[in-house]
Amino acid sequence: MAQSHLAKWFPGRVEHYYREQKRGYSQRQVGAFMAVNYQTVGRWEQGKKCPTVGEVLALAKFLKIPQELSDYMEEIARNESRKNFQSDRRFNALCLQFAEMYNGLIHKWEPLFIPGIAQTKAYHFNIVGEAEGTTDEQLNRGWLFKVERYNALLARTDNQKVVLLISETALRNLRFLSEADRTEQLERLRYLDSLPNWEIRIVSALHPEGGGAFSIYRADGADFGGPAFVYTEVWDDSWCIEETDRIARYDDLWRILLGKSITLKEYLDDRRDGLAQEHP
């Protein structure tokens, strides 16, 4: 992730989350422990400055930051001067998670599945698990990650805007679930769609342009929002795309797909009987 603004933003978001939401410390308390002034802590949290390796190790111990997160923070600190931190699939997923907690604008397009943050347990294990062929351990870890993201999004009290564009294919696959599980998943979608600043729309038209899933994140005025980026993935890799011109192309694609969409309510009202049918 050469010249990555996300890599510079990430350590401060982790520190802020564990300082404020997990431990309940003030910036002054952290600064006193670290022997720095609170303005330095603020610069970390705003992504203006990366903690050094020594500072990361001390922060991890003081704030009880999990090893996985502190390892990434340490690696970023070690490479900060050379700007050549290399991301991996897991780090990209963690950037997605923290962007969902802090960025003001979240746009997600899913051509095959209901987005992870909107899935029920039955959908995750019986639809996604069957399609991806992952191990039980991977399925369980993936579900816990989705639950963390879901709870963090619902706990937000700011005015973030979340829009989910879902292909009709994802909803048609509900026929592989039991009636109770289908009902639970549809109720989850209806509930999220009813929340302030949330919107779920269905693309029932052909969408050859949008063959792969992607998410767009922007600070959009959020106090601690991070740099704009697009998250996308394939079977064995993922990317956090930060180049302005490439993000603009995804914005164009988003508008095309949005123009083909209808509201969740409109879709469900028109197709209630079809979604009720089980797979033979």
Side-chain angles (χ1 to χ4, degrees), residues 1-23 25 27 30-31 34 36 38-60 63 65-66 68-108 145 148-149 152-153 155-156 158 160-162 214-233 238-248 250-251:
M1 190 181 287
Q3 303 293 331
S4 171
H5 296 291
L6 270 173
K8 189 172 183 179
W9 176 77
F10 182 81
R13 285 301 86 217
V14 174
E15 184 276 332
H16 176 271
Y17 177 73
Y18 281 88
R19 172 185 69 77
E20 185 175 79
Q21 299 192 37
K22 290 291 189 179
R23 311 299 171 219
Y25 294 146
Q27 289 182 344
V30 172
M34 298 293 296
V36 299
Y38 75 92
Q39 290 98 331
T40 296
V41 178
R43 285 195 290 273
W44 294 338
E45 296 183 357
Q46 293 164 14
K48 295 180 179 179
K49 178 179 173 61
C50 284
T52 65
V53 172
E55 289 168 339
V56 165
L57 296 175
L59 284 168
L63 298 177
I65 296 172
E68 179 187 44
L69 294 175
S70 64
D71 284 348
Y72 280 119
M73 293 170 67
E74 182 180 347
E75 186 177 355
I76 291 168
R78 291 187 186 281
N79 289 276
E80 205 270 335
S81 61
R82 298 194 300 276
K83 307 290 185 186
N84 66 346
F85 170 72
Q86 296 298 309
S87 68
D88 57 29
R89 188 181 179 94
R90 178 58 178 166
F91 178 76
N92 291 340
L94 291 169
C95 284
L96 171 153
Q97 180 183 28
F98 276 88
E100 288 171 351
M101 287 193 286
Y102 290 105
N103 278 26
L105 182 66
I106 300 168
H107 286 167
K108 291 180 176 288
F145 186 57
E148 287 179 6
R149 292 165 53 204
L153 265 170
R156 290 184 63 167
D158 53 357
Q160 84 280 6
K161 177 68 173 177
V162 182
F214 64 88
S215 300
I216 304 172
Y217 299 95
R218 280 195 169 83
D220 203 45
D223 289 342
F224 295 102
F229 72 98
V230 172
Y231 176 88
T232 187
E233 61 183 42
S238 67
W239 297 270
C240 288
I241 299 168
E242 299 184 60
E243 296 90 342
T244 302
D245 58 338
R246 295 187 66 191
I247 294 174
Y250 277 95
D251 284 333

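What you see is a predicted model; the values in this text were computed from it and never measured.
Arg149 places no side-chain N or O within 3.5 Å of a backbone atom of Gln97 that could act as its donor or acceptor partner. The closest donor-acceptor contact from the side chain of Glu242 to the backbone of Leu6 lies under 3.5 Å. A donor-acceptor pair under 3.5 Å is absent between the side-chain atoms of Arg218 and the main chain of Ile106, judged by distance alone. In this structure a side-chain-to-backbone donor-acceptor pair under 3.5 Å is missing from Arg13 to Cys95.
Leu59 is listed as a side-chain neighbour of Pro51, based on a closest heavy-atom distance under 4.5 Å. By the 4.5 Å heavy-atom criterion applied to side chains, Asp220 and Asn103 are not counted as neighbours. In this structure, Leu63 and Glu15 have side chains that are in contact, with non-hydrogen atoms separated by less than 4.5 Å.
Within a 6.0 Å sphere centred on NZ of Lys49, heavy atoms belonging to other residues, nucleotides or ligands number 12 at most.
One distance of note links SG of Cys240 with CZ of Arg89; it measures 11.5 Å at 0.5 Å rounding.
The cationic atom of Arg90 (NZ for Lys, CZ for Arg) lies less than 6.0 Å from the six-membered ring centre of Phe145 and within 45° of the ring axis.
With sequence neighbours excluded, no residue forms a salt bridge (charged side-chain N to carboxylate O under 4.0 Å, His left out) with Arg246.
Below 30°, between 30° and 60°, or above 60°: for Tyr102 and His16 the angle between ring planes is above 60°, a perpendicular geometry.
Checking each of Phe98, Phe229, Trp44, Tyr17 against Phe10 for a ring-ring contact (aromatic ring centres under 6.0 Å, His included) leaves exactly one that passes, namely Phe98.
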